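Everything numeric here is computed off the predicted structure, so don't read it as measured data.
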Amino acid sequence: MPDSLHVAIIMDGNGRWAHQRNLPRKAGHSAGAQALLNTIEAAGARDIHMLTVYAFSSDNWNRPSKETHALMTLIRTRIRREMHRCQKENIRLSVIGRRDRLPNRLVETICEAEELTRDGALLHLRLAVDYSGRHALEHAARYMSGNGHGSFSHALGKAYHTRESASDVDLLIRTGGEKRLSDFLLWECAYAELYFTDCWWPDFGAQELDLALGEFRRRQRRFGCLPSQCT
């Protein structure tokens, strides 16, 4: 088992959380943003070196324009609000995914936050925004075809607008009761342990993270070996 983990989270259930409380969907997304802050704080105190969260999938553009606009505004506002705290707390912030369809002001904020926090060593927080695993694989394959050198993982880093490739995901968590990957980190999740919970994302926090980590530690990761070969 690795000394430090790459945990990925599909943050699902904001809308249903809001609907249950007779609140607008926007309220669910705001509550979800707070849940992310709580989870980041919890991750920093545990053996997690990288946390990748699905903030906005490429398929989410199919939602009503009013909601997608509100989500873009929320993402930008939260990044601007938290990037100085990330720097202070030694957290590196990166955003992976396409940038050609994002609002210009959001892209500017992303670049500013990435530069400000680039030396963070406690935790690498990656937000997946306008992200599609299939698109990233296609982009990386085109890069490899045109350059003919380097690793495929490095090519994926190019597709994600990052300086380097990410480590494989050790644990993938999905909230909200659904049990699918939804085009998230398809390459990096090849050997990930999958953990699904009915907890809606706005209710997720340190306790729920500990439950997922506890389940992860009870599993035996074989990577194709026989049980007797696992240490």
Undergrad: Assess, by modelled atom type and distance only, whether the side chains of H29 and E67 contain a donor and an acceptor separated by less than 3.5 Å.
TA: yes
Undergrad: Could you walk me through whether W200 and D12 pass side-chain hydrogen bond (donor to acceptor under 3.5 Å, both in side chains), step by step?
TA: CA-CA 6 Å; W200 288 328; D12 198 8; over 6 Å; no
Undergrad: Does a salt bridge link R76 with E108, judged by any charged N lying under 4.0 Å from a carboxylate O?
TA: no
Undergrad: Give the ring-plane orientation class for F184 versus Y54, where under 30° counts as parallel, over 60° as perpendicular and anything between as tilted.
TA: parallel
Undergrad: Looking at P24 and A18, what are the two nearest heavy atoms and their distance?
TA: O-CB, 3.4 Å
Undergrad: Would you find a donor on one side and an acceptor on the other, under 3.5 Å apart, between the side chain of R126 and the backbone of A8?
TA: no
Undergrad: In the structure I gave you, are the side-chain heavy atoms of V7 and Y195 within less than 4.5 Å of one another anywhere?
TA: no
Undergrad: Which atoms form the tightest heavy-atom contact between S58 and D130, and what is the distance?
TA: OG-OD1, 2.9 Å
Undergrad: Do L37 and E82 have side chains that approach each other closer than 4.5 Å (heavy atoms only, starting at C-beta)?
TA: yes
Undergrad: So, for D170 and F216, which heavy atoms are closest and what is the spacing to 0.1 Å?
TA: O-CE1, 3.3 Å
Undergrad: Should we count CD of E215 as having more than 12 external heavy atoms under 6.0 Å?
TA: yes
Undergrad: To the nearest 0.5 Å, what is the distance between CZ (R219) and CD (E193)?
TA: 5.0 Å
Undergrad: Can you check whether S167's main-chain N or O pairs, donor with acceptor, with H6's side chain at less than 3.5 Å?
TA: yes
Undergrad: Just verifying a value: how many Å separate R99 CZ and C111 SG, rounded to the nearest 0.5 Å?
TA: 5.0 Å
Undergrad: Would you indicate whether the side-chain heavy atoms of I173 and I10 approach each other to under 4.5 Å?
TA: no
Undergrad: Only one of E89, Q87, K88 passes side-chain contact (heavy atoms from CB on, under 4.5 Å) with I91; say which it is.
TA: E89
Undergrad: Do the side chains of V169 and T52 get nearer than 4.5 Å, heavy atoms only?
TA: no
Undergrad: Side chains of D47 and S4: any donor to acceptor distance under 3.5 Å?
TA: no
Undergrad: Return the minimal non-hydrogen interatomic distance between G44 and L122, and the atom names on each side.
TA: O-CD1, 3.9 Å
Undergrad: What orientation do F204 and W201 show, parallel under 30°, tilted 30 to 60°, or perpendicular over 60°?
TA: parallel
Undergrad: Please confirm whether the backbone N or O of A121 pairs with a side-chain atom of N90, one donor and one acceptor, at under 3.5 Å?
TA: yes
Undergrad: Salt bridge between E138 and R98, side-chain N to carboxylate O under 4.0 Å?
TA: no
Undergrad: Applying salt bridge (Lys or Arg N to Asp or Glu O under 4.0 Å), can you list everything that pairs with D168, at least two apart in sequence or on another chain?
TA: none
Undergrad: Could you walk me through whether R174 and D198 pass the salt bridge (Lys or Arg N to Asp or Glu O under 4.0 Å) test, one step at a time?
TA: CA-CA 9 Å; R174 180 167 188 153; D198 291 333; over 6 Å; no
Undergrad: Do the side chains of I40 and L51 get nearer than 4.5 Å, heavy atoms only?
TA: yes
